[in-house]
Amino acid sequence: MAQETLILIPARMQATRLPGKPLADIHGKPMIVHVWRRAVEANAGRVIVATDSAEILQAVKAAGGEAVMTRADHASGSDRIHEAVTKVDPARKAEIIVNLQGDLPTLDPRLVLDCVAPLASGETDIATLAALISDDEERLNPNVVKVVGTPIGENRLRALYFTRATAPHGEGPHFHHIGIYAYRRDSLERFVGLPPAVLEKREKLEQLRALEAQMRIDVAIVDTVPLGVDTPADLERARRLIAP
């Protein structure tokens, strides 16, 4: 890739619904190791786990990966990866920073490259992913975040809003937002320096902070949604989906 990319995977132990989630066992390996390996397979750049846990750090290093310790009091994964970037790349060689969630053990590696692609447009601050919703239950589920955007090309949207509601109203497609982000480095720095915004706090969606600050988010439409592991049932599903 023309611009140097860093892929950061934030991982913390304190998960409400699945305590110790990053170290949950999937066929003899911690979940965070599965995510790290998928990210490496993308061959998109250096991959580093950013964590507040010595156990997670050691698990990643034991698997041959790279990890860095960060503070325990970060409010979000974006803040954690920002600290990690300043530690691992003080020379500022990396121009693109990918924030890859640590609970996506079934991730298709190509999604990392799909997420970075919209940053080829010099006007884009942040890039992310979405997939077409075909299931009514998913369309109505407030845990499924929808992106409302205007088409700007084939399989590409410029985001206008993100919501837990079913939107937009009327006939037409709805899109399931996938929480993987690629930032220009200066855009990440600007983003983490912004105060929480009104709509962000109302919807509990951090990306609305960027939109309220008039930052541009472009969305690549993909054909697969990686399984996010939030509950014991999700974990069992991941174990079934991943071959031992």
Side-chain angles (χ1 to χ4, degrees), residues 38 42 44 76-78 96-101 103-184 187-188 190-191 194 196-231 233-234 237-238 241:
R38 297 293 178 113
S76 71
S78 303
I96 294 173
I97 312 300
V98 176
N99 181 353
L100 180 62
Q101 292 179 27
D103 59 1
L104 303 174
T106 68
L107 176 79
D108 184 334
R110 68 183 169 84
L111 293 185
V112 177
L113 293 168
D114 289 337
C115 186
V116 171
L119 293 182
S121 164
E123 299 176 345
T124 307
D125 294 300
I126 303 169
T128 190
L129 301 173
L132 183 68
I133 294 175
S134 57
D135 186 317
D136 281 341
E137 184 178 341
E138 193 175 329
R139 191 176 284 110
L140 298 171
N141 186 347
N143 293 317
V144 173
V145 177
K146 292 83 180 176
V147 56
V148 179
T150 188
I152 55 171
E154 186 176 1
N155 294 322
R156 196 67 53 83
L157 303 173
R158 177 165 55 85
L160 302 176
Y161 194 62
F162 295 85
T163 182
R164 297 181 182 280
T166 304
H169 179 70
E171 291 296 321
H174 293 92
F175 293 98
H176 179 153
H177 178 232
I178 299 167
I180 304 171
Y181 297 93
Y183 298 84
R184 297 190 189 283
S187 298
L188 174 62
R190 182 185 172 201
F191 178 76
L194 293 168
V198 173
L199 291 170
E200 171 191 0
K201 290 188 282 188
R202 181 170 176 174
E203 290 259 22
K204 295 183 173 58
L205 295 174
E206 185 185 31
Q207 61 271 36
L208 292 175
R209 185 189 316 177
L211 290 182
E212 288 192 69
Q214 299 185 331
M215 298 177 75
R216 175 166 168 167
I217 304 177
D218 282 4
V219 184
I221 306 302
V222 297
D223 59 6
T224 181
V225 178
L227 170 65
V229 175
D230 289 314
T231 66
D234 294 334
R237 186 176 170 206
L241 289 170

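In what follows, every heavy atom counts, from backbone to side chain, and hydrogens, waters and symmetry copies are set aside. All residue numbers refer to positions in the sequence shown, counting from 1.
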Next on the checklist: Name the residue from L241, L227, V229 that meets the side-chain contact (heavy atoms from CB on, under 4.5 Å) definition with P105.
Outcome noted: V229
Item to check | H177 side chain reached by L205 side chain, heavy atoms, under 4.5 Å | outcome: no
Item to check | Check against side chain to side chain contact (heavy atoms under 4.5 Å, CB included), R164 and V145 | outcome: CA-CA 5 Å; R164 297 181 182 280; V145 177; 4.1 Å; yes
Checklist outcome for this item: Minimal heavy-atom distance between A42 and L113, with the atoms involved, is O-CD1, 3.7 Å
Checklist entry - What's the spacing between R209 CZ and K201 NZ if we round to 0.5 Å? => result 10.0 Å
Checklist entry - Heavy-atom distance under 4.5 Å between the side chains of D103 and D230, does that happen here? => result yes
Item to check | Separation of L157 CG from D218 CG (nearest 0.5 Å) | outcome: 8.5 Å
Item to check | Positive for side-chain contact (heavy atoms from CB on, under 4.5 Å) with L129, one of T224, I221, I178 | outcome: I178
Next on the checklist: For the CG atom of D135 and the CG atom of L140, what is their distance to the nearest 0.5 Å?
Outcome noted: 9.0 Å
Item to check | Pairwise side-chain contact, H174 with P168, heavy-atom cut-off 4.5 Å (strictly under) | outcome: yes
Checklist entry - Any donor-acceptor pair under 3.5 Å linking the side chain of T106 with the backbone of A238? => result no
Item to check | Atom CZ of R139: over 12 foreign heavy atoms under 6.0 Å | outcome: yes
Next on the checklist: Pair R237, D234 - check salt bridge (Lys or Arg N to Asp or Glu O under 4.0 Å), show working.
Outcome noted: CA-CA 5 Å; R237 186 176 170 206; D234 294 334; 5.7 Å; no
Checklist entry - How far apart are the closest heavy atoms of P118 and C115, and which atoms are they? => result CD-O, 3.1 Å
Next on the checklist: Determine whether a donor-acceptor pair (N or O, by modelled atom type, separation under 3.5 Å) exists between the side chain of E206 and the backbone of S76.
Outcome noted: no
Item to check | Distance, nearest 0.5 Å, that separates CD1 of I133 from CD of E138 | outcome: 5.0 Å
Checklist entry - Do Q207 and T128 meet the criterion of a side-chain donor-acceptor pair at a distance under 3.5 Å? => result no
Checklist entry - Could you give all pairs that pass the salt bridge (Lys or Arg N to Asp or Glu O under 4.0 Å) test and reach residues 109-131, with sequence neighbours left out? => result D108-R110, R110-D114, R110-D223, E123-R216
Item to check | Verdict with reasoning, S78 to Y183, per side chain to side chain donor-acceptor pair (under 3.5 Å) | outcome: CA-CA 10 Å; S78 303; Y183 298 84; 3.3 Å; yes
Checklist entry - Do you know the tightest heavy-atom contact between N99 and G77? => result ND2-C, 4.0 Å
Item to check | Shortest non-hydrogen contact between G228 and L104, atoms and distance | outcome: CA-CD2, 3.7 Å
Next on the checklist: Quick check for you: to the nearest 0.5 Å, what is the distance between L194 atom CG and E212 atom CD?
Outcome noted: 10.0 Å
Next on the checklist: Contact between L100 and L107 at the side-chain level, heavy atoms closer than 4.5 Å - yes or no?
Outcome noted: yes
Item to check | Backbone N/O of L119 and side chain of R184: donor-acceptor pair under 3.5 Å | outcome: yes
Next on the checklist: Are V219 and F175 packed together at the side-chain level, in the sense that at least one heavy-atom pair is separated by less than 4.5 angstrom?
Outcome noted: no
Item to check | Approximate separation, where rounding is to 0.5 Å, of Q214 CD and L211 CG | outcome: 10.0 Å
Checklist entry - Run the side chain to side chain donor-acceptor pair (under 3.5 Å) check on Y161 and E203 step by step: do they pass? => result CA-CA 11 Å; Y161 194 62; E203 290 259 22; 2.9 Å; yes
